[in-house]
Amino acid sequence: MKAVIPAAGLGTRFLPLTKAQPKEMLPVIDRPCIQYVVEEAVRSGITDIVIITGRGKRAIENHFDRSIELEQRLEENAMDKELQMLREIEDMADIFYIRQKNPLGLGHAVLCSKKHIGKEPFAVLLGDDLIVNGKPGISQLVETFDRMGGKAVVGIERLPRESLSKYGVISGEEIENGIYHVDDLVEKPPLGKEPSDLAMIGRYVFPPEIFGHLEKTPPGIGGEIQLTDAMRLLAKQEGLFGQIVEGRRYDLGTWFDWLRANIELALERPDLGTQIKSWLQESVCEKKQ
Ligand code: UTP
C-alpha cells in the first residue's frame with residue numbers, strides 16, 4: 001500500500017513560527033514532526049510515500065534527502081552514530097513529492113496524489129497528528145480495512161464535548177469493540193450540535209473511489225475542498241468505518257499539544273527524563289504549595 005502525507009497547508013495557527021518554515025518541520029524533541037509520521041508508515045510496512053508540498057516547503061525535501069557535505073564532515077570526524085542516524089533518515093522510504101500549487105484544502109491535497117496512487121487503496125497520514133503506540137496507528141486501520149473487505153476506515157478518538165468543534169465528528173453505530181459503521185460526518189460542528197463525541201483524527205485508509213468523490217466535491221468553507229465532504233459521499237455510497245485508534249495522540253496543530261508532546265516524550269527518554277521530572281517537580285509542584 002502507498003501512503004499520502006499532505007503537507008502543503010499554510011500553518012496559520014502557528015504563526016509567526018511558520019512564516020518561513022513548514023509546520024510539518026516543527027521539532028518534537030530531536031526530530032521534525034513529519035519524520036514521526038513517515039516512521040509510523042514505514043513501521044506499518046508502507047515504503048512508497050507521497051508528500052504533498054507547496055511553496056516554502058523545501059525544508060521537508062531537504063530533510064529526507066542526502067546531505068553530502070554534512071556526511072563528509074561526520075565521516076572525517078568519525079562521528080559514526082550521527083552518520084548512521086542521517087543514513088537511516090535518507091534510506092527510510094521511497095519518498096515522492098507532488099506540489100499543490102494552491103492550498104485549496106485537505107481534500108484538494110489528497111486529490112493531487114491521484115496519478116501516483118492509481119486504482120489502488122491507499123493510506124493518508126496528517127503530519128500534525130502524532131500517535132505514540134507500540135503498534136503504529138495506521139497499521140491498526142489497514143488491518144480493519146482488509147478485514148472489512150476494502151471499505152474505507154478513518155481513525156477516531158473520543159473527546160470531551162467542548163473540544164469537538166475543532167474536528168470532524170462522525171455519527172454511527174458501534175459494530176465491534178471500538179469500530180463504528182459511519183452514517184454521517186460533520187466538519188467542526190457548533191457546540192451542542194455534535195452528532196457524537198467521536199472526532200476524526202488524521203489517519204485514513206481509502207479505496208480509490210475517494211478520488212471520484214473529491215472531483216465532484218465543490219469548494220466549501222473558505223473556498224477549500226474539504227476531505228470530509230467527499231468522505232460523506234463515500235460513507236453513503238461505498239461505506240465507511242471509524243475506528244478508535246489505540247495509543248496516545250497529540251494534535252500538533254495546537255500549541256498545547258505540541259508543548260505536551262515535547263514534555264511527555266522528554267520524560268520518557270533515558271537521557272532527559274530524570275532531569276525534566278525534577279525540574280517539573282521544582283517549578284510546578286513546589287511553587288504551587
Ligand atoms: P490543517 O488545516 O490542519 O493545516 O490541515 P494548515 O492549513 O496548514 O493549518 P492552519 O489551519 O492554517 O493552522 C491538515 C493537514 O493538511 C495539509 C496541512 O499541511 C496539514 O498537514 N493541507 C491543508 C494541505 O496539504 N493542503 C491544504 O490546502 C490544506
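In listed order, ligands and their atoms are each counted from 1. Note that this is a predicted model, so its numbers are computed, not measured.
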NZ/NE/NH1/NH2 to OD/OE distance under 4.0 Å, Glu61 and Arg58: yes

For atom 12 (O) of ligand 1, closest protein heavy-atom neighbour: Thr12 OG1, 2.5 Å

Shortest protein heavy-atom distance from atom 22 (N) of ligand 1, along with the residue and atom involved: Gly9 N, 3.5 Å

Between Glu264 and Tyr250: side-chain donor-acceptor atoms closer than 3.5 Å: yes

Shortest protein heavy-atom distance from atom 17 (C) of ligand 1, along with the residue and atom involved: Pro6 O, 3.8 Å

Atom 4 (O) of ligand 1 [closest protein heavy-atom partner, distance rounded to 0.1 Å]: Lys23 NZ, 3.0 Å

Side chains of Asn102 and His108, donor plus acceptor under 3.5 Å: no

Donor + acceptor pair across side chains of Glu88, Gln84 (<3.5 Å): yes

Within-shell test, Leu106 vs ligand 1, heavy atom, strictly < 4.0 Å: yes

Under-4.0 Å heavy-atom contact with ligand 1, by part of Leu10 that carries it: backbone

Atoms of ligand 1 close to Pro103 [distance to a heavy atom under 4.0 angstrom, numbered from 1]: 28 (O)

Single-linkage hydrophobic cluster Leu106~Ile5, side-chain heavy atoms < 4.5 angstrom: no

Contact (N/O only, under 3.5 Å) between Gly11 and ligand 1: yes

Partner set under salt bridge (Lys or Arg N to Asp or Glu O under 4.0 Å) for Lys166, not counting sequence neighbours: none

Side-chain donor or acceptor of Gln226 paired with backbone N/O of Ala230 under 3.5 Å: no

Short N-O contact, Lys135 and Glu246, less than 4.0 angstrom: no

Protein contact to atom 2 (O) of ligand 1 [nearest heavy atom, distance to 0.1 Å]: Arg13 NH2, 4.1 Å

Protein heavy-atom partner closest to atom 25 (O) of ligand 1 - residue, atom, separation in Å: Ala8 N, 2.8 Å

Residues in salt bridge (Lys or Arg N to Asp or Glu O under 4.0 Å) contact with Arg13, at least two apart in sequence or another chain: none

Subset of ligand 1 atoms that lie under 4.0 Å from at least one heavy atom of Gln100: 24 (C), 25 (O), 26 (N), 27 (C), 28 (O)

Whether over 12 other heavy atoms sit under 6.0 Å from Arg87 CZ: yes

Glu24 heavy atom under 4.0 Å from ligand 1: yes

contact_flag Gly253 ligand 1 heavy-atom lt 4.0 Å: no

Nearest candidate to atom 20 (C) of ligand 1, where distance is taken over non-hydrogen atoms, out of Asp251, Leu104, Asp128: Asp128

Under 3.5 Å donor-acceptor, Ser113 side chain and Ala109 backbone: no

Whether His108 lies under 4.0 Å from ligand 1, heavy atom: no

Per-atom contacts of ligand 1 with Ala109, taking only distances under 4.0 Å to non-hydrogen atoms: 24 (C), 25 (O), 26 (N)

Numbered atoms and elements of ligand 1 in range of Gly105, under 4.0 angstrom, heavy atoms: 26 (N), 27 (C), 28 (O), 29 (C)

